[in-house]
Amino acid sequence: MFDPRAPTPPAPGTNPKRDEFLSSVRHALGHSVVGTLAAPAGRPELNERLTRQVKMGDPKRIDRWAELAGKTGVKVERARSVGVQAAIDECLEEHKVQSVMLNMADLPEDNIAAHLAARGMKVYRWAQEGCAEAAFNCDASVTDCRYGLADTGAIMVWSDPGFGRSSTLTVPVHVVLLPAGRILADMIDALPHVLRDTGGRMPSNVVIINGPSKTADIEMNLVTGVHGPKFLYVVVIED
Amino acid sequence: MSQNKTNSSKSFRLPLPVFHPDFLNEAAAASTDKALHAALDNSVTKKDYGRRATLAELPDPDGLRELAGLIKRFTLDHLDYYLELLERNVIARGGKVHFAADNTEANTLVAQIARFSSSKLAVKSKSMVSEETELNQALTSQGIEVVETDLGEFILQVDNDHPTHIVMPVIHKTASDIGRVFAKFFKTPYTNDPQELAEMARVYLRDKFRQADMGISGVNFAVAETGSIVICTNEGNGRMCTSRPRVHVAIMGMEKVIPSLDDLPVFLKLLARSASGQSLTQYTSIITGPRREGEFDGPDQFHLIIMDNGRSKILAGDYRDTLRCIRCGACLNACPIYRKVGGRTYGSVYPGPIGALLTPLFNGMENHKHLPNATSLCGACFEACPVKINIPELLIHMKEDQNKLGITPSSQKLLFRLWSWGLKHSWSYILGQKMQKLMMRMLMDKDGWIKKMPGPARGWTIERDFPAPPKESFRKLMNRHQREQKRNKKKNKPQAQGEGQNV
Amino acid sequence: MKVSLFVTCLTDLFSPQVGLAAVKTLEHFGCEVDFPSAQTCCGQPAFNNGFPEQSRPLAARMIRVFENADYVVTPSGSCCAMIRDHYIGLFKGDPAMEHRATEFVAKCYEFVEFLTKILKVDLSKLSLKQKTAFTYHYTCHLRGLGATGDPAIKLIKQIRNADFTPLEKAEQCCGFGGTFAIKYHDISGAMVKDKVACGKQTGAGVMIVNDAGCAMNIGGACHRYGAPFKVRHIAEVIAEALEPLTK
């Protein structure tokens, strides 16, 4: 069926089903069924005028981000660096949190870990054996994120060996730290960062999160927390 | 369940399952179903207004739709190149690509992957393509447990029912209906409280997420340049299915590919707005291959199944533009016919305006005579479509094809031939007018309305009265008016011109 | 300004008073209106049913009949849309006819469109005899004309003694759709009943409907099931308001 070792597409002739499939597509388009295809010219040009909703560097983008995030059901807190711990406490206090998964992509973790442990919570860290299972069973998680997107009030995260998927997904309460400088104007500014920041290597999993989990499938009634986090807090760190 | 026809000589399966063949009777029943109309006004009509409101947030919504349509057309015109590019990049990032010629092959591939990976339990997020292939039945019959995790799809799975909308699968069920379904399934006391019902599903499904070996997902967009697939969900079940289990199988129709990551915002800014009046869904996942070395969660294996199932045939023909569809459901929400008959009436995986085109295109026009005809050609679908598929134009084209193929009764052809001939000449037009007037004024009541039209026109008066033509046609009135104008001109000649225009 | 009226086959037979009202309105605002009597039908029914070959000779006739017109104005939105959307395409492969069709399309206007875009009328000096509550049904085929219903509503609101209440689901098709109303009458019936119910909700005495097909459909349903409002073309309302001025 397939060779698990080969990182390149099968050579023509080795996988008849594949060859037949691609041939029918070429045939349907009236293209030659033999040889390699050249990259097509004349693709429609992208125009920022059509997609950009917030100007790059817009000084109001932080407020705009906070307003839109609030509308999607995110509870936005604003704090200075010294007040971050207190802000996290405020978020967690609204819930019975006994266990918390702590997972920062690049912000320092250890102080927060110590602080939460001192308040009697069992603190789990990512990038250790069993961390995914731990995240599945935690009452809350505290993470950072890569960027904020001011056109929608969303945040962006992506996975790497130090940052998991589960830490932003499998917990009912998710607290996110977002340095204000990471709030970009628009999605069209954020997406190029994915390749830029990772040296051209797409992460396995990028997620744009636009509020807590929700559904309206049952007679259009809004229900949150099925299946991602029911409560999403973002602490904007202003300095 | 579905009525796929089988030939005696070989096993032949239609590309799309047919849930019932009787559009007319289902439409008649649905047209008087007030509860259905109320449910649809509460869902699709609201979503249509949400679409308009949120599109207005964009700097140039019409311009963006135009661009999205052009990108889709360009990609389709070079689909061979972009599929090969996608394949190359998925493999380069550690994923596997499989090509399925039809629905049976697609199901076989999923089952094979399950067997090879020793997967006994699969959790599934929403995929319209998997509805095309009836994947769940195929897997279940091979001993693989499949659990739908989208709340709406889960309800339908438990109730052995089908989705009636591309995006909101269960709008045809009330909370009470769902309460009954869950009470039976979970063997718990009946409740119709949405929060309680959702919680029951959440707990049950969380356990499945915990144990699942395989996650199956659809694909909203496949980015050729990076070998990524994009999944847009609100619940988080899509993320669960593609992060927890060891194996991730993504199934896509081959038309879902877009060229580059830079194209993605064009579609993301349109998709959720068009579908449900949100700027974005709660989660937009961009998935590229399996987990990387050193990562602590995510699947070990990523498989992308690219399916044809009749799309290459559509690509080759006059209806290529229908493959632009990004499955947003905006046309369903805008359609005045859908709002009155609901999704079940269409009897297909794809209902609504786009379904009226796709279903005959996939299954053969002779098998779905009514779908392209049950339209008032109002154009709401075209106005709503984020990729500007000119659905009304294509519906007219399909009627042309039906006429050419002899699917339309020959009495229709004759009727329009006679009608056209009569209108080609003034004398026959006037004569026809006079005859219609005579006939109809014989049938009218004292108010000037006709309660029962004869012959082929009787359908009209089943629903409403028909106005009888007034005694004098416009031509008579105009002649008299022009004579009056001439007389007035003669009278007013000595006076200054333009006086009658002072207001 | 010379204007040729394209009255449309339905208006000619079923709502001639609308045609006359349109003529009177145009004349009041300074137009010399003629009526090329050789006109018959734009060919839409055949075209919409997939018989373009039956539609083509009718389109050719229309182009010929109005060849010398400066402006062609029609009180029916759907006929105007037929001309704009399909006339040029009907003659694909025939460059001479395509050219003539293009010229014809360029001079065709729907009645409200002509009043607002070309004549730029101001109705604020007009008044109705009695206070009348209006609502407005947006006829679908205006979509092709790029209208959003606003020009007609603006005009109504200009007239004195005219009150306006927006119609819920104004842009939802009334269910006429030509032969659709007969072939799929169950669905059409449900659609027109919805339209009448929305009309009732506004409390209006008059629903403005600027298309003969819609008017027959909604009017027919009003008559069958009873409705507190009448169906009128905006031309009829304007002509009524003009009456005292032209006497």
Side-chain angles (χ1 to χ4, degrees), chain A residues 1-2 7-9 17-18 20-22 24-26 28-29 31 37 39-40 43-44 46-47 49-53 126-127 131-132 136 152 154 159-161 164-166 169 187-188 191 195 202-215 217-221 223 225-228, chain B residues 42-43 60 63-64 67 70-71 74 78-81 83 87-88 91-93 96 99 101 112 151-152 170 174-175 178 194-195 197-198 202 226 228 234-237 239-240 243 261-262 264-266 269 279-280 282-289 291-292 294-298 308 312 315-316:
Chain A
M1 182 179 66
F2 56 84
T8 51
K17 281 220 186 291
R18 170 192 181 272
E20 238 179 85
F21 187 106
L22 293 172
S24 12
V25 179
R26 290 195 189 198
L29 294 169
H31 297 163
L37 296 159
R43 64 145 289 155
L46 294 173
N47 187 347
R49 192 188 56 79
L50 299 174
T51 46
R52 180 176 285 286
Q53 292 173 259
W126 195 256
C131 57
F136 203 78
T152 50
S159 56
D160 64 25
R165 309 167 181 215
S166 312
L169 172 65
M187 185 200 298
I188 65 175
L191 276 180
L195 281 171
M202 276 302 282
S204 61
N205 188 250
V206 181
V207 191
I208 302 172
I209 299 173
N210 195 34
S213 147
K214 70 179 192 194
T215 175
D217 273 341
I218 300 180
E219 222 180 306
M220 306 307 284
N221 288 284
V223 177
V226 186
H227 305 267
Chain B
N42 192 38
S43 53
D60 181 357
L64 191 61
L67 177 60
L70 289 175
I71 296 173
F74 185 82
H78 303 280
L79 191 61
D80 45 3
Y81 172 79
L83 283 177
E87 181 201 27
R88 197 153 52 238
I91 293 174
R93 302 292 182 292
K96 308 274 173 283
F99 295 91
Q112 276 179 344
L151 181 59
V170 87
T174 62
I178 297 165
Q195 301 271 357
L197 292 169
R202 189 193 69 76
T226 56
S228 311
N234 284 311
E235 294 174 23
N237 62 314
R239 293 182 63 195
M240 286 283 202
S243 298
L261 205 59
D262 288 330
L264 198 52
V266 172
K269 289 189 183 231
S279 54
L280 281 177
Q282 305 307 81
Y283 304 109
T284 306
S285 302
I286 306 171
I287 296 167
T288 315
R291 69 161 79 177
R292 301 286 180 268
E295 287 181 359
F296 283 82
D297 58 8
D308 182 344
S312 52
L315 188 69

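Letters A, B, ... are given to chains in the order of the sequence lines, protein chains preceding strands, and every chain is numbered from 1.
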[X] portion near chain B, given a 4.5 angstrom heavy-atom threshold:
{"X": "A/Phe21", "answer": "side chain"}
{"X": "A/Pro212", "answer": "both"}
{"X": "A/Met220", "answer": "side chain"}
{"X": "A/Asn205", "answer": "both"}

For chain A, find which of [options] contributes the most heavy-atom pairs closer than 4.5 angstrom.
{"options": "B/Thr174, B/Asn237, B/Leu264", "value": "B/Thr174"}
{"options": "B/Thr226, B/Leu151, B/Leu70", "value": "B/Leu151"}
{"options": "B/Glu235, B/Glu87, B/Arg202", "value": "B/Glu235"}
{"options": "B/Pro265, B/Gly236, B/Ser279, B/Gly289", "value": "B/Pro265"}

Got [X] and [Y] here, is their nearest side-chain heavy-atom distance under 4.5 Å?
{"X": "A/Met202", "Y": "B/Leu261", "value": "yes"}
{"X": "A/Leu191", "Y": "B/Asp262", "value": "no"}
{"X": "B/His78", "Y": "A/Leu29", "value": "no"}

Within this structure, what is the [atom1]-[atom2] distance for the pair [X] and [Y], rounded to the nearest 0.5 Å?
{"X": "A/Ile218", "Y": "B/Leu197", "atom1": "CD1", "atom2": "CG", "result": "4.5 Å"}
{"X": "A/Ile209", "Y": "B/Leu280", "atom1": "CD1", "atom2": "CG", "result": "12.0 Å"}
{"X": "A/Glu20", "Y": "B/Asp308", "atom1": "CD", "atom2": "CG", "result": "10.5 Å"}
{"X": "A/Trp126", "Y": "A/Ser159", "atom1": "CH2", "atom2": "OG", "result": "10.0 Å"}

Problem set entry | Partner set under ring pair (Phe, Tyr, Trp, His ring centres under 6.0 Å) for B/Tyr81, not counting sequence neighbours | none

With chain B as the partner, which of [options] has the greatest number of non-hydrogen pairs under 4.5 Å?
{"options": "A/Gln53, A/Arg18, A/Lys214, A/Met187", "result": "A/Lys214"}
{"options": "A/Gly225, A/Ala132, A/Ser166", "result": "A/Ser166"}
{"options": "A/Ala28, A/Gly211, A/Ser204, A/Gly228", "result": "A/Ser204"}
{"options": "A/Thr51, A/Leu46, A/Asn210", "result": "A/Asn210"}
{"options": "A/Ala39, A/Ser24, A/Ala154", "result": "A/Ala39"}
{"options": "A/Asn221, A/Val226, A/Ile188", "result": "A/Val226"}

Contacting moiety of [X], where chain A heavy atoms sit under 4.5 Å:
{"X": "B/Phe74", "answer": "side chain"}
{"X": "B/Ala198", "answer": "both"}
{"X": "B/Ile178", "answer": "side chain"}

Exercise. Counting only N and O atoms by type, is there a donor-acceptor contact under 3.5 Å from the side chain of B/Asn234 to the main-chain atoms of A/Thr215?
Worked result: no

Exercise. Would you find a donor on one side and an acceptor on the other, under 3.5 Å apart, between the side chain of B/Asp80 and the backbone of A/Arg26?
Worked result: no

For this session: Output all residues satisfying salt bridge (charged side-chain N to carboxylate O under 4.0 Å, His left out) with A/Arg52, sequence neighbours left out; order by chain, then residue number.
Result: A/Glu48, A/Asp189

